[in-house]
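Chain letters run A, B, ... following the sequence lines, proteins first, then strands; residues in each count from 1. Keep in mind that what you see is a predicted model, and the values were worked out from it rather than measured.
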2 protein chains.
Amino acid sequence: MASKRKKVNFELFSLGSSSGVAYKNKALKKQIIQFIDNRGSSSITELSKELTTSVPKTTALVGELITEWLLQDEGKIDSTGGRRASVFGLVSDACFFLGVDVKKYHINVGLMDFQKRMVTHKDKLPFKMENTAESLKKLIQLIKDFISHSQIERARILGCGINLTGRINQHTGHSYSFYHFKEEPLAEVIQQEIGIPAYLENDSRSMAFGEFYSGELSSERNVLFVNLDYGIGLGIVVDGKIYYGRSGFSGEFGHIPLFDNEIICHCGKKGCLETEASGWALIRKFKERLEKGSSSSAVKKNTSASEITLEDIITAAKNEDTLCIELLSEIGEQLGKGLAVLINVFNPELIILGGTLSETGDYIRLPARSVLNKFSLSLMNNDTSLRISRLGERAGVIGACLIARLKVINNT
Amino acid sequence: MASKRKKVNFELFSLGSSSGVAYKNKALKKQIIQFIDNRGSSSITELSKELTTSVPKTTALVGELITEWLLQDEGKIDSTGGRRASVFGLVSDACFFLGVDVKKYHINVGLMDFQKRMVTHKDKLPFKMENTAESLKKLIQLIKDFISHSQIERARILGCGINLTGRINQHTGHSYSFYHFKEEPLAEVIQQEIGIPAYLENDSRSMAFGEFYSGELSSERNVLFVNLDYGIGLGIVVDGKIYYGRSGFSGEFGHIPLFDNEIICHCGKKGCLETEASGWALIRKFKERLEKGSSSSAVKKNTSASEITLEDIITAAKNEDTLCIELLSEIGEQLGKGLAVLINVFNPELIILGGTLSETGDYIRLPARSVLNKFSLSLMNNDTSLRISRLGERAGVIGACLIARLKVINNT
DNA sequence: TCAACTTTATTAATTTTTTTATTAATTAAT
DNA sequence: ATTAATTAATAAAAAAATTAATAAAGTTGA
């Protein structure tokens, strides 16, 4: 049982800026952990090459990491032509990381172990995101409940990533769009309550990171993740790292002025991409079409057209409702124009469509792709693949866990 | 005299992937050079802290670098309360780097020393950029001439950066838009001819890098450079490094589909930013206005309206020609809409307006700023300053030299 | 002006790391 | 099946780096 081990040495993750051989050894051990984290279980020889330290030295360091319960011997690797090497990997239950994905009408929570495996998760816990102190209190309570149900002692949970919509300064821990009641960073407030270091992140960026790290393990280093929900978010991964911009407000893709319409966006401006290509736009268009006499299976007996949700439309589309499919195609086309902008500017290897709306798959992807090709240079759009998220609803929680994990391990 | 020293140890810059203490020392020495390169002349104590290596060890390494003619003792630093420390800096004439900026009607060439100082430069050498073998031959000849006039022995020039417009794959050394006559990378071809390692780069990226590294030495890490010429280019600096994208085609900002007009762009598509906010657009608008009866001092007796150049319009604007100023303001406004897109997506610390058109300064900057504020979220545009290039025409050559220099020093 | 304090540089002693050599484990070939 | 070849792990020897101590060069304040 996990509770039997008390010796795990977490100090490693918080090396101060000292010097001397003790410090150097700590840094080397951290490098070992990071290398194994990225490339999987490794042999002494591999580690020795990576760290440019001699084999005996590396052996000693790995030995220490094993007594500190951070690494474990995983047996011999398949032969490479001579004596088989022992490989060493992370101890899965050495420590854990929490991820909380806060949505409009529910939250997803999950717990990830040291080996990046989700050990527990609760999807779609009912919760209403409102900009009130009560809502925040409720959220914190839900997190606390999840922790106590998880049976994992709090001291072994080293970090908690929390996704919120809106403008987040990940660095300071401030959330500006929601729960901004005092000057103290929201991350700090939550940390005090749950007793675990908390890291705030914008939902789209978190999903981007989740998808990048665990959805696609190919060689892509520059990936854009488009979060299609009521609004449109963008997570940017440059050279394998999340891009933040000056104050962490990067990725306000939904509000680029791409259209010449007269529709007022939530942000107060006209012509934003969100006015034509988002979940809000979809609902607006849906209502407009109903008013013009169209019909749809999305409107059931018990719901009136005015209280239709995004989920309703998506479900209807999946059941091949003609109007919904038609509208999704329209949305996809408008989105394609926006994606063309991104391709021209970023020349990315991959654009991932995620978020609720992406559940409709090719209904939105194919029109987007075709318009995108029309509006971007062919030399460039040939380079970029456009894919639907593989993690789906899970991307957020996984991303949140991974961010917390990286924060702790890299001590940043 | 520079020619007296033959001992400079350039091997340092090409450390292979070996191991052992010899390799480690080489790597440490390289780190020392890089640190001093970034932070200026440093003392043993500072270096020792940076490398996390003991003072005696650092002293030995610095000693070696001095005998290798790469570092020099620059005397004592001002007191910090105790014995004054010796500081060590790069030997300025240890090696040199060439930069070539190829424009439509001229080239700029320059030579930079190890300390990042321009030692020689020739601005606006007459040259016509045409996509022919003769044009390329002429270009190479101009470079050769510059080298022989510079009086610096070729072996001390360790790299040559070359800026071209159009699509460049910096990594492979291919130029796709110009001089693409054989499969062999253009960089390779030029390198063979001039006998110096050549590095190709897109002009806007090069200018961005030049401006970033030597124009603004503040703390900005995320900077966008907009190259306003006949076309519109974009150089992206993320976390202090040039952003390339998948195949090095990033920054095709001029061709984002931002307008709903019917003007066919050079790229073959409609509605590109370039159709409204570029040098081409400026000239088109100018001609349209003349046809409608406007008059301008830009049209002199000897030039007809049909052969007016960008330079003419800029000069006229500087001489307060009403029509030109009016048109520049228009261009600025359209540009502002494009910049709003960039700000929303990147949340950059700084956007620099460079290139020929930027010489008009506030005539284009102020309208751009005001429209930009209108079209981007105020929380974000407050973060971003919009400045005119400080290096002006020089940005390209300086960037080219710096890129070659970095390539060599970082061995990438 | 001079002692007390700081910081840097150098040397000597000690610890740590790398090298080299040896042994062990495994595969491929005769 | 046995031997040669290959790779890994360990042990002992040699080399290298750090630490600690000391000297040198300044500054500051009574």
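- Here the C1' atom of nucleotide C:dA9 and the CG atom of B:Leu47 are 14 Å apart, to the nearest Å.
- Between the C1' atom of D:dA8 and the CD atom of A:Glu46 lies a distance of 12 Å, rounded to the nearest Å.
- Residue A:Tyr23 contributes atom OH, which lies 16 Å from atom C1' of D:dT18 at whole-angstrom precision.
- Here D:dT7 presents its P atom at 10 Å from NZ of A:Lys49, a figure rounded to the nearest Å.
- Listed candidates were C:dT17, C:dT8, C:dT11. Nearest to the side chain of B:Thr45 is C:dT8.
- Contact of the B:Asp239 side chain with the A:Asp239 side chain is not registered, since no non-hydrogen atoms from C-beta on lie closer than 4.5 Å.
- The side chain of B:Ser54 approaches D:dT18 more closely than any other nucleotide in the set D:dT10, C:dT18, D:dT18.
- Atom CG in B:Leu51 sits about 15 Å away from atom C1' in D:dT18, given to the nearest Å.
- Comparing C:dT11, D:dT7, D:dA23 by their closest approach to the side chain of B:Arg83 singles out D:dA23.
- When the shell of 6.0 Å around CZ of B:Arg39 is examined, it contains 12 or fewer heavy atoms from other residues, nucleotides or ligands.
- Here the P atom of nucleotide C:dT16 and the CG atom of A:Leu28 are 14 Å apart, to the nearest Å.
- Between B:Ser43 and A:Asn25, the residue whose closest nucleotide on DNA chain C is further toward the 5' end is B:Ser43.
- Looking at heavy-atom distances under 4.0 Å, B:Ser86 makes contact with sugar-phosphate atoms alone, never a base.
- Ring orientation note: the planes of A:Phe97 and A:Phe114 are tilted relative to one another, at an angle of 30° to 60°.
- Taking atom NZ of residue B:Lys57 and atom C1' of nucleotide D:dA20, one finds them 19 Å apart after rounding to whole Å.
- The minimum heavy-atom distance linking B:Glu220 with B:Phe212 is given by the pair O-CE1, 3.3 Å.
- Taking every side-chain heavy atom of B:Val21 into account, C:dT19 is the closest of C:dT19, D:dT18, C:dT10.
- In this structure, the nucleotide among D:dA9, C:dT17, D:dT18 sitting nearest to the side chain of A:Ile44 is D:dA9.
- Scanning atom types as modelled, no donor and acceptor separated by under 3.5 angstrom connect the side chain of B:Arg84 and the base of D:dA25.
- Nucleotide C:dT30 forms a pair with D:dA1, judged by Watson-Crick or G-U wobble geometry with both contacts under 3.5 Å.
- Considering only side-chain atoms of A:Ala85, the nucleotide from D:dA9, C:dA9, C:dT18 that sits closest is D:dA9.
- Heavy-atom minimum distance, A:Gly173 versus A:Leu200: O-CD2, 3.3 Å.
- Checked against D:dA8, C:dT19, D:dT18, the side chain of A:Lys24 finds its nearest nucleotide in D:dT18.
- One atom, NZ of B:Lys76, and another, C1' of D:dA25, lie 8 Å apart when rounded to the nearest Å.
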